[in-house]
Amino acid sequence: MNSYNDALKWIHSLLKFGIKPGLKRVEWLLDRTGNPENQLTLIHIAGTNGKGSTVEYLRSIFNEAGYSAGTFTSPYLITFNERVSINGVPIADEELLHYSRILKPLVEEVSSTSLGSPTEFEVITVISLLYFADKKPDVVLYETGLGGLYDSTNVIAPILSLITNIGFDHMGILGDTIEDIAFQKAGIIKPNTPVITTVEQDSAITVIKQKAKKTKSDSYFLDRDFSVLHLESMDQGERFIFKDFEKKEHEYLISMKGTHQIKNAGLAAAAIMHLVKSGEFNISASEIKKGLNKANWAGRFEKVSQSPDIIIDGAHNQQGVHALKKTLLNHYKSKRIFLLFAALQDKAYGEMMKDLESVIYEACFTTFDFPRAASAEELLAESPFKRSIAISLWEEALNHVRGQLNEEDVLIITGSLYFISEVRKTFQNLE
């Protein structure tokens, strides 16, 4: 393994081992590398949607208060390295190569045992822990990849667990009821470790309460212990009231658009206030306010061009699409909205489209180079839109739709995070 590209090729070669829930392989690798996870101050974030945005709000607040913050997120939008970052700066190519060299012989060794080969996600989880243990940021924010209980990030012992929300996604692995999915997400709750959540379904709240009680962990819930109230959608973002644990009101403005974002921002604010109260960190009210406002997560209702406005959004399941629809209505209700859509085969893309039917003027379906991507024709066959076409090459599809737009129109590009990652590069190259 001589170069960064060699390291990346090796990491990606582990994709063929798919998703293998369980912690044994990661624990084996960590044990052989000195258990770096025990050297870190960690916060663990699970949930169906909103994990990445919540991580970004937290990172921004910590940085505003002068703390260094590591982040582990997935998937990536621009470079693979951004999955492992400190203060928003991705791990350097040579450092990724360094840790890959350490792990490759160990991966080969464990592969020959009954545990089998680690997956790509498991290896990048271990690389991140080794990197953070060497760099020693003040805090590290870990986003689960899938679920929680058997997710490879669940080897960590955090000072705080956060659960954003529960929705139907990855049902083949996590279960097909809200209770089943909530049970998996609640798997990140560790003994005597507080959990804060914005989960809203009564059945999910019950599951989280039961797990918190079983682990003797304090639990804090949206609309019981803290709350958010949307005031208005503006060009600058969303203005809202956050009511803290003491019922004191704070007015915040976030630049990330969408009323769903106020729950993610509220969760981050609640988490910081809890950590301040428990004496873990020293962060002022003004630093929370500024940090929330400065937070910006690429690919979340991100305007990549204007006149006409072109928006990319990583909505990739029903819950995400529903939030997207509300945001479009809040910000672009009187406009003609065009849709460029690509999705993975294992998503309920028919249901996702139906939710957008009432707001979309014209839809164009396409596909992209990814193993599980649905074809443009498969998507078109499920189309509920009166005006819709399929163009397989997404670059051609994008050019076609842009040719239809007037200056006052809006184009929303969505359906898959992997897809918008590809498309976003086009707009970066144009800048």
[X]/[Y] aromatic ring centres below 6.0 Å:
X	Y	result
Tyr57	Phe242	no
Phe368	Tyr418	no
His12	Phe80	yes

Establish, from distance only, whether the side-chain atoms of His230 and Gln261 form a donor-acceptor pair under 3.5 Å. no

Side-chain donor/acceptor of [X] to backbone N/O of [Y], under 3.5 Å:
X	Y	value
Asp313	Leu324	no
Asn81	Pro90	no
Glu378	Gln345	no
Thr144	Asp151	no

Going by an N to O cut-off under 4.0 Å, is there a salt bridge joining [X] and [Y]?
X	Y	value
Glu382	Lys354	no
Arg424	Glu302	yes
Glu95	Lys135	yes
Glu362	Arg336	no
Glu64	Lys294	yes
Asp409	Lys335	no

Which is it for Phe338 and Tyr361 under the ring-ring contact (aromatic ring centres under 6.0 Å, His included) test, yes or no, and what are the steps along the way? CA-CA 6 Å; Phe338 288 73; Tyr361 172 74; 5.3 Å; yes

Around [X], counting heavy atoms of other residues, nucleotides and ligands shown, do more than 12 lie under 6.0 Å from its [atom1]?
X	atom1	answer
Lys257	NZ	yes
Glu407	CD	no
Lys214	NZ	no

Partners of Lys290 by salt bridge (Lys or Arg N to Asp or Glu O under 4.0 Å), sequence neighbours excluded? none

Output, in order, the C-alpha distance, side-chain angles, deciding distance and verdict of ring-ring contact (aromatic ring centres under 6.0 Å, His included) for Phe183 and Tyr150. CA-CA 11 Å; Phe183 179 79; Tyr150 300 117; 8.3 Å; no

In Å, rounded to the nearest 0.5 Å, how long is the span from CG of Leu340 to CZ of Phe365?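 With rounding to 0.5 Å, CG (Leu340) is 10.0 Å from CZ (Phe365).
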
Considering all heavy atoms of both residues, which atom of Tyr67 and which atom of Asp138 are nearest to each other, and what is their separation?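 Smallest interatomic distance, heavy atoms only, reads CA-OD2, 3.3 Å.
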
